[in-house]
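Input: a single structure, listed below in structure tokens.
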Amino acid sequence: MNLEDLNPSQREAVLCIDAPSLVIAGAGSGKTRVLTYKIAYLLEQGMQPWNILALTFTNKAANEMRERIATLVSPEKAASLWMGTFHSIFAKILRQEGHRLGYDQNYTIYDTNDSLSLIKLIIKEMTLDEKVYKPSAVQNRISAAKNRLILPSGYTSVREYRESDAFYHRTLMPEIYNRYEERLKQANAMDFDDLLLNMWLICKHNPEVAAHWQERFHFVLVDEYQDTNFAQHQIIRLLTDQRQRVCVVGDDAQSIYSFRGADIDNILHFRENYPDARLFKLERNYRSTQTIVNAAGSLIQGNREQIQKHVYSEKEVGNPISLLSAYSDTDEANIILREVQRAHRAGIPYKGIAVLYRTNAQSRKIEDSFLYGRVPYHIFAGMSFYQREEIKDLLCYLRLTANPYDEESLRRIINKPSRGIGDTTIGKLFLAARAEDKPVWEVLTAGTCPDLNAGTLKKLKDFADMIMSFHESAATDDAHTLTLQIEKKSGLHDYYFSGHDPDDISKQENLQEMLDGIAVFVQDNRELGLGIQLTDYLQMASLATDLDRNKLEKDADCVNMMTIHTAKGLEFPVVFIAGLEEGLFPSEMSEESPRALEEERRLFYVALTRAERQVVITYAKSRFRYGKIEYMRPSRFIKEIPQQYYGRGESSTIQKSKVSDALTLRRSINEQNKIQNAVPRIEQRIKPLRPQNTGSFVPPSRPASRNSELSEIPELKVGTTVVHERFGRGIVQALEGTGIDAKAAVVFENAGTKVLMLRFAKLTVQ
């Protein structure tokens with residue numbers, strides 16, 4: 001090990017082994033390097049590996065550090081370190097100490113699914129309504145209580161919990177929590193949160209145990225300290241109470257997990273808990289250009305609650321940040337597609353590009369744009385929009401409505417939400433269909449399935465009648481009107497919109513995005529003169545899901561798409577940050593408190609510092625939300641980055657492209673048309689308009705009954721520049737027809753050529 005490999009700040013932090021230390025590690029500053037060298041230095045100074053405890057948040061981080069330490073000292077010493085995640089280390093200790101709480105050393109660890117299954121069983125046994133006592137919400141509340149070291153006996157003493165439970169009519173939460181703990185104990189099992197809670201309980205109430213482990217661990221190191229919760233913080237204090245030899249590494253500017261229980265006060269007030277602690281700042285960024293680092297540093301200065309530092313880069317100045325505005329969220333997705341393609345042509349592999357967004361629901365339009373543009377992508381640490389549970393549920397209702405003989409869709413949603421049709425009933429239904437050699441739907445509607453009692457047959461009939469009513473409405477209602485009816489009458493709306501946890505909110509945003517997407521589909525197809533019924537939508541959706549499935553399975557070189565929370569710890573040459581608008585980023589929920597807004601700012605800081613060479617920020621002037629167009633304001637965060645760090649709207653990857661920046665709008669549009677022609681699109685059912693009509697279109701005099709329908713049609717001629725509320729700016733290429741049959745072919749800057757029915761099109765002349 002050569003300490004000269006470290007910069008002065010890193011070396012100073014490594015050499016401090018005689019006092020508590022707080023290492024504030026800015027983004028890309030080499031914190032893992034400091035941790036590994038510090039552990040290696042402790043070993044070189046004669047400390048035994050089994051006397052060193054190193055805690056991380058992921059197995060990947062622990063394994064990476066162990067491998068690096070093995071190269072610095074020896075594989076044998078690295079293997080003997082107490083190094084791993086909080087949960088894995090405490091699980092190991094509890095094998096030895098768990099008997100003090102009534103567990104034997106062979107206790108089982110319940111994962112999240114095991115825990116949820118037990119909670120569902122308890123709710124069922126107590127004959128409680130799952131719509132009120134939603135299992136996932138109950139699970140999240142119990143988890144939150146344990147991470148605050150609150151036992152069932154102390155649950156009702158927490159005012160926040162009492163008021164929340166009263167508001168949501170969950171007054172039996174304390175009893176559920178108590179039963180849950182009793183059942184875990186009976187099963188000789190602990191859930192993940194118990195690994196923290198029980199570790200604290202044993203050390204807190206057994207001084208000899210705490211003394212034993214304090215004696216064992218001469219030095220404790222903690223990675224990502226800004227992400228620790230209250231329980232983790234208290235356990236670390238107990239373990240280091242005797243020697244005070246502790247080193248925590250983290251960055252308060254990257255504390256973004258309060259919704260998971262992370263408490264930024266742990267790192268902000270570390271020196272109050274350890275008065276002799278020394279502070280070290282790793283301020284040199286090795287990842288990003290000076291422009292990116294300076295822009296991020298300027299942004300984070302807007303936060304009051306922080307440990308001041310000056311992060312700098314000695315890399316090249318780099319390219320300015322590209323700030324691109326879009327007319328709508330649809331236009332934004334097309335712009336991102338265009339810029340990704342240009343970056344790729346400039347030599348950036350797809351896997352070197354990341355598209356980041358604030359919420360999962362934002363992925364749909366970008367995914368659709370990539371699918372039709374044949375850009376391979378991968379949803380990092382997540383799943384595609386169309387593969388998410390809530391989206392598949394609604395899609396299956398739509399498919400069954402269109403085709404009641406769709407057995408796979410029927411099987412998925414016949415009891416979702418729960419309507420008392422269990423697996424046994426479903427099994428008998430399908431067996432009867434096979435025995436009679438009939439479709440399941442015919443057996444279901446006949447109502448004569450053997451081995452089922454009258455009550456169960458009534459439930460099956462009610463379900464069949466509901467689907468038939470949807471099926472009949474499909475003949476007259478447009479896809480959006482029908483879907484709203486299905487989503488409400490099926491019970492999906494109440495099922496998914498009853499929760500208030502982050503996961504529930506994400507599902508609600510996704511469902512709303514799908515509903516909005518169907519509304520846009522109807523509106524667009526009406527303008528294009530195409531079908532607007534359910535079957536028309538399902539044809540489009542089937543193409544998207546099929547393309548999506550192929551992309552995820554086959555392509556290795558893919559654009560990385562993810563939420564910003566998922567992106568923490570990753571880095572890419574080129575990063576797109578989408579949706580920089582007030583109410584979206586920062587989230588409208590951040591208005592609840594100054595602290596919430598500061599976390600949103602830290603989240604944007606994390607997004608910026610994922611980029612090595614280029615940042616592209618996009619925002620839309622309007623979004624289709626809750627069934628209508630909403631006009632958006634650019635995010636305040638855009639203005640918090642000094643103007644000097646922005647370019648003129650074009651990223652360097654575009655400037656380096658073989659295609660000149662001087663491309664005319666028409667050539668750019670032709671390029672988009674080639675992409676769109678690669679996959680047949682629904683509007684291609686209409687033949688392109690003949691361009692020979694070069695005259696003007698003036699709305700003719702018309703009967704009074706048509707006045708309202710045609711009054712807003714603008715006067716157009718070939719070559720007129722127009723703006724569409726979703727497709728953005730374009731040029732009229734051709735005109736045809738008169739009155740209510742009038743059409744215009746418009747070549748849009750980012751959306752390609754569209755043939756629009758002028759009586760429906762939302763066009764304004766520029």
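From a predicted model like this one, the values you see are computed outputs, not experimental measurements. Atoms considered below: every heavy atom in the structure, side chains included; atoms not considered: hydrogens, waters and symmetry mates.
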In plain terms, say whether [X] and [Y] are close enough for a salt bridge, that is, a side-chain N and a carboxylate O under 4.0 Å apart.
| X | Y | result |
| --- | --- | --- |
| Arg625 | Asp516 | no |
| Asp165 | Arg141 | yes |
| Lys416 | Asp393 | yes |
| Arg388 | Glu509 | no |
| Lys507 | Asp503 | no |

Side chains of [X] and [Y]: closer than 4.5 Å at any heavy-atom pair?
| X | Y | answer |
| --- | --- | --- |
| Lys365 | Glu332 | no |
| Arg179 | Met126 | yes |
| Asn560 | Val355 | no |
| Thr425 | Ile414 | no |
| Arg148 | Glu160 | yes |
| Val138 | Met173 | yes |
| Leu94 | Tyr103 | no |
| Ser418 | Tyr495 | no |

Can you tell me if CE on Met468 sees more than 12 non-hydrogen neighbours from other groups inside 6.0 Å?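 Counting other residues, nucleotides and ligands, CE of Met468 exceeds 12 neighbours.
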Count the heavy atoms belonging to other residues, nucleotides or ligands that lie under 6.0 Å from NZ of Lys428, then report whether that count exceeds 12.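 Yes, NZ of Lys428 has more than 12 neighbouring heavy atoms, counting only those of other groups under 6.0 Å.
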Assign the ring pair [X] / [Y] to parallel, tilted or perpendicular, where the plane angle (0 to 90°) is split at 30° and 60°.
| X | Y | result |
| --- | --- | --- |
| Phe497 | His493 | parallel |
| Tyr257 | His565 | tilted |
| Tyr177 | Tyr155 | perpendicular |

Positive for side chain to side chain contact (heavy atoms under 4.5 Å, CB included) with Arg358, one of Thr563, Leu603, Ile577: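 Of Thr563, Leu603, Ile577, side chain to side chain contact (heavy atoms under 4.5 Å, CB included) with Arg358 is met by Leu603 alone.
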Arg411 NZ/CZ over Phe430 ring centroid, <6.0 Å and within 45° of normal: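 Yes, a cation-pi geometry holds between Arg411 and Phe430.
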Report the residues that fulfil salt bridge (Lys or Arg N to Asp or Glu O under 4.0 Å) with Arg610, sequence neighbours left out, ordered by chain and then residue number.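 For Arg610 there are no salt bridge (Lys or Arg N to Asp or Glu O under 4.0 Å) partners, ignoring immediate neighbours.
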Tell me if a side-chain donor or acceptor on Asn140 pairs with a main-chain N or O of Ser136 at a distance below 3.5 Å.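 Yes; judged by distance alone, with no hydrogens or angles, the pair exists.
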State whether the side chain of Ser587 and the backbone N or O of Leu584 hold a donor-acceptor pair below 3.5 Å, judged by distance alone.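 The answer is no, because no donor-acceptor pair under 3.5 Å joins these two groups.
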[atom1]-[atom2] distance between [X] and [Y], expressed to the nearest 0.5 angstrom:
| X | Y | atom1 | atom2 | value |
| --- | --- | --- | --- | --- |
| Leu394 | Tyr496 | CG | OH | 9.5 Å |
| Leu482 | Tyr537 | CG | OH | 12.0 Å |
| Asp478 | Ile532 | CG | CD1 | 5.0 Å |

Please lay out, stage by stage, how Asp504 and Gln508 fare under the test side-chain hydrogen bond (donor to acceptor under 3.5 Å, both in side chains). CA-CA 6 Å; Asp504 296 322; Gln508 292 159 18; 5.6 Å; no
Closest heavy-atom pair and its distance - Ser115, Tyr180: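 Distance-wise, the nearest heavy atoms are OG-OH, 2.8 Å.
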Just to verify, which of Tyr377, Tyr350, Phe370 counts as forming a ring pair (Phe, Tyr, Trp, His ring centres under 6.0 Å) with His344?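 Result for ring pair (Phe, Tyr, Trp, His ring centres under 6.0 Å) with His344: Tyr350.
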By side-chain hydrogen bond (donor to acceptor under 3.5 Å, both in side chains), which residues pair with Asn229, not counting sequence neighbours?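 Expected list: Asn147.
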